[in-house]
Structures are given as C-alpha cells and as structure tokens.
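First the structure, in the form of structure tokens, and then the observations on it.
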There are 2 protein chains.
Amino acid sequence: MIQELIDRYISISFQVHKKAESLIKYQLGNDLTNDQHYILRYIHLAGSCTSTELAEVFEVNKSAITAIINRMTDRGLIERTRDENDRRVVYLTLTEQGIELYQKAQEKIHLLVESIITQFEEPEITAFINTYEKLAEVLNNKKKEELGE
Amino acid sequence: MIQELIDRYISISFQVHKKAESLIKYQLGNDLTNDQHYILRYIHLAGSCTSTELAEVFEVNKSAITAIINRMTDRGLIERTRDENDRRVVYLTLTEQGIELYQKAQEKIHLLVESIITQFEEPEITAFINTYEKLAEVLNNKKKEELGE
DNA sequence: AAAAATAGTTAAACTATTTAACTATTCATG
DNA sequence: CATGAATAGTTAAATAGTTTAACTATTTTT
C-alpha cells in the first residue's frame, strides 16, 4: 500500500537524518559545525568557488554564505581573492590550515561511514546507494519543477 | 570497492538531505520551520510528551526544546500542563490550532513524498525503505556505542 | 551614456543551539 | 525523617545560521 510506504518513508528519513547529523556533529566536536564542514568539503573538492555558487548549491541566500565565510576567514580557514578580470567576483579557497582541518575532519567522517556501511551485505548497500542516487536526481527535478510553477 | 561506496554515500546522503530539507521548507512556507513541524509531528503522534523526551529524541539539550516550545506556545500551537502527581513534570500537547496547522502542513509533506515515491518501481522503493530502516537501527546502536565509550 | 543586471556585503530580526547556573520537586539512604 | 542527590524544567548569555531589504561596486546591455 502506497500510503503505508509514504508514512514509513517520512518517519524513517527524519530519524536517519537526525541521527546522522548528530553522529557527524559528535565526530567534528568543537572544530567545525556540520555546515562549516560541508562548505569546506565543497570548496576543497571544487578547488575554489564563489559565494553565489555556494548559495545555489546549499540553497540559501548569499548573505547566509557571507556570514559563514566571514566566520571561517576570521579563523584563517578560508581565503578571499578578488578576480582581476571581473572585479565583482571573489574566489574562495582553503588556506593550508583550512585544508588540514578539513582533512582531519574528513578522516573521522570516513571512518564513521565505513563502520556503518560495513554492517551491510555488499549487494544490499550497493542497491541502496544506487536508489539513493536516483532519489537525488528526482529531488533535483522536483526542485526545478517547484520553481518553474 | 568499499572506499568508493563510502565516498558515494557521503556525497549522496549530503545532497539528498539538503534537497529534502529545502523542499520541505518550501512546502511549509512561513507557517512553520522544519524543526517546528517535526516537533508538532512528534507530539501529535505521541498524544502528549515532555521536554526531556523531546530532548532525547531530537538529541539536543533541554534548553533548546524550552526555546522552541516557548515560541510555539506564544503562537498558541502548544499547551503546557503540569503533572499534579509529579510537579516537576510538564506535559506538552497541541492546541486545536496546533493540530489544525500541523495537519495542513502534514498534507503538503505527504503529497510531496507521494510525488517522489511514485517515480520509483514498487520493489525498488520497498527495498530501499527496508534498508533505510535497518540503517536507522545501525545508527541507533552506533550512537549508544559512542556514548558507551 | 544611462539603465539594467550581477556579485557580494551589511544590518536588523529571527530561529536554533550550547553551556552554565538556577528553581522546584522528588527520591534515597543513613 | 532529614538531608543530600537526582530529576524536570527554565533562564541568560553567547554563538551559528537564516531571511529580507537596502546597499556598494562592477559589468553588460541597449
């Protein structure tokens, strides 16, 4: 029954979401908030990026990004560099200290996820992640659809 | 390869989490924040509950719950009732207005989740939800383990 | 050259959170 | 049964993250 699946999905996604957040927070301790870690991760993987890009990816207003980046530049984790060709643009990159802190945190998250994933049989977790990826795609389209209306 | 699965899991769970949060926020509009909706949901399903219980379920300090409940009692959505047998305890229940607002919100979330779930074949989504539920269990044990250390 | 668009910041107001100190009540035990 | 410990909840101060609206500076369009 579809109604039952919907209810189970709502319950369980909320629970997993909360628990995961809380476990990540526990791993990060006082070094970084979860949001700060996600942002460091994004900048690290991208090499460098702009506030506008972060605001789109994280689906918040640009001023929210400014605030987060301010806190991390104050701590010497992120650097701002003005684009000399288009002086409106500011590139964000990790400082050495930022890279170091990110990697230290990322290792912990990696171990956490490993300890969880290895409690499943490989075919089950692979199937799960495959569907999860499809779900991300569906949610992305849903978002565009909402905005298009 | 397990390393690859871990990386895919970290990326995708973050993405889905963000998108889902943002879609729910869009559905709730200015009526409720996501956290407020989750708390109304919990109290509604439980019938009534205490701050301590909410703090445990949501894994935050009790003072965070006090703050959220204050905002919602101010808006007439939640009522506090002192237990006459144990006067330390305060029971939280939804007011009529709270029930009404919750149900209105819940309908929207339900439709949202339905529109997402129905884009999958039934066996796939059922398998997904089953694994998701196991995952919730694993995360729960992980949490206890962390605290036990 | 003037108007429109873009990138980013600032300021004010708000929600959510933590920590530490506190009140009020109940439990435990010596 | 009195006192000290535990429990339930609140308060206050500090911090993180968010939105909205107004702003600066720059580039693009027309």
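All values derive from a computational prediction rather than experimental measurement. Letters A, B, ... mirror the listed sequences (proteins, then strands); counts begin at 1.
- Toward the 5' end of DNA chain D, the nearer of the two residues A/Arg82 and A/Ala67, judged by each one's closest nucleotide, is A/Ala67.
- A/Tyr91 pairs with exactly one of A/Thr50, A/Asp83, A/Thr81 by the side-chain hydrogen bond (donor to acceptor under 3.5 Å, both in side chains) rule, that one being A/Asp83.
- Classification of the B/Tyr132-A/Tyr9 ring pair by plane angle, with boundaries at 30° and 60°, yields tilted.
- Atom P of nucleotide D/dT7 and atom CD of B/Glu53 are separated by 16 Å, given to the nearest angstrom.
- Checked by atom type and distance alone, the side chain of A/Arg82 never pairs as donor or acceptor with a backbone atom of A/Val90 at under 3.5 Å.
- Mapping B/Asn70 and A/Ile68 onto DNA chain D via the closest heavy atom, the residue that lands nearer the 5' end is B/Asn70.
- To the nearest angstrom, P of D/dT10 lies 12 Å from CD1 of B/Ile78.
- Rounded to whole angstrom, the span from the OH atom of B/Tyr91 across to the C1' atom of D/dA8 amounts to 11 Å.
- At a threshold of 4.0 angstrom between heavy atoms, the contacts of A/Ile65 with the nucleic acid are absent.
- Aromatic rings of A/Tyr38 and A/Phe58 (six-membered ring for Trp) have centroids beyond the 6.0 Å cut-off, not under it.
- The residue A/Asn85 sits close only to the backbone: its heavy atoms come under 4.0 Å of sugar-phosphate atoms, none of a base.
- Distance CG (B/Leu40) to P (C/dA16): 11 Å, rounded to an integer number of Å.
- Where B/Arg88 and A/Thr52 each meet DNA chain C at their nearest nucleotide, the meeting point lying more 5' is that of A/Thr52.
- Nucleic acid contact for B/Arg80: sugar-phosphate only, since backbone atoms but no base atoms lie under 4.0 Å from a heavy atom of the residue.
- Atom CD of B/Glu21 is separated from atom P of D/dT19 by 11 Å (rounded to the nearest Å).
- Proximity of A/Arg71 to the phosphate of D/dG17: a side-chain N or O atom is located under 4.0 Å from OP1 or OP2.
- Ranking C/dT25, D/dT10, C/dG8 by closeness to the B/Arg87 side chain, first place goes to C/dT25.
- As rounded to whole Å, 15 Å separates atom P of D/dT19 from atom OH of B/Tyr26.
- The shortest distance between side-chain heavy atoms of A/Lys104 and A/Asp31 falls below 4.5 Å.
- In this entry the distance linking CG of A/Asn34 with C1' of D/dT15 reads 15 Å, nearest Å.
- Within the structure, every side-chain polar atom (N or O) of A/Ser63 is placed at least 4.0 Å from both OP1 and OP2 of D/dT20.
- Contact annotation for B/Asn61: base contact, defined as any heavy-atom pair under 4.0 Å involving a base atom.
- Closest approach to the A/Thr33 side chain among D/dT19, C/dG8, D/dG17 is made by D/dG17 (side chain taken as heavy atoms from C-beta onward).
- Nucleic acid contact for A/Thr66: base, since at least one base atom lies under 4.0 Å from a heavy atom of the residue.
- Taking atom NZ of residue A/Lys62 and atom P of nucleotide D/dA21, one finds them 16 Å apart after rounding to whole Å.
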